[in-house]
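When reading the values below, keep in mind they use all heavy atoms of this one structure, side chains included, and skip hydrogens, waters and symmetry mates. Computed from a predicted structure; not experimentally measured.
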Amino acid sequence: MENPEIIIIPIMFGVIFGIFYLYISARNKERLALIEKGAEASIFYGKNKRVTPIWKVIVINLAFLFMGIGLGTLIAEGFVQGFGMDEDVARPGVIFFMAGLGLFAGFYATKKLNSDA
């Protein structure tokens, strides 16, 4: 095989599919077991618990992610130009670090949004 790295993409999709499949099937089995024991379906949905719509959570997290990537690109360019760091190390390292910080900030913003809801 000339390009063994081509296998990585189907494996990644397979892992993601497997995680979602296990999550959904386990949740379904748990709910069926509770219903067989006579529990009401209302226990799956809170009555007085207000939840932030999922689209707001996605938009906030994507916004923080993209801001982190943009800021990481700027900082990486500063490291390359100002400090003379190796470009192959500075760019991915700083971009991924700032993207992670952006997602972390998005998590706390979403948490605050859920507590305010």
Same cluster or not: [X] versus [Y], using hydrophobic residues (I, L, V, M, F, W, Y) connected whenever any side-chain heavy atoms lie under 4.5 Å apart?
X: F107; Y: I58; result: no
X: L74; Y: F83; result: no
X: F96; Y: L65; result: no

Should [X] and [Y] count as side-chain neighbours, where that means a heavy-atom distance under 4.5 Å?
X: L71; Y: M67; value: no
X: V94; Y: F79; value: yes
X: I69; Y: M98; value: no

**Prompt:** In a check of side chain to side chain contact (heavy atoms under 4.5 Å, CB included) between V57 and each of I60, V59, N61, which one passes?
**Reply:**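 One option only clears the test, and that one is N61.
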**Prompt:** If you draw a 6.0 Å radius around CD1 in I9, do more than 12 non-hydrogen atoms from other residues or ligands fall strictly inside?
**Reply:**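 No.
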**Message:** For the aromatic rings, using the six-membered ring if either is Trp, is the centroid distance between F104 and Y108 under 6.0 Å?
**Reply:**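 Under 6.0 Å, so yes.
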Gap separating the [atom1] atom of [X] from the [atom2] atom of [Y], nearest 0.5 angstrom:
X: I11; Y: I6; atom1: CD1; atom2: CD1; value: 12.0 Å
X: E87; Y: Q81; atom1: CD; atom2: CD; value: 8.5 Å
X: F64; Y: T110; atom1: CZ; atom2: OG1; value: 8.0 Å
X: I8; Y: M12; atom1: CD1; atom2: CE; value: 8.0 Å

**Item:** For the student: nearest non-hydrogen atoms of A76 and A90, plus distance
**Value:**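 Heavy atoms of A76 and A90 come nearest at CB-O, 3.9 Å.
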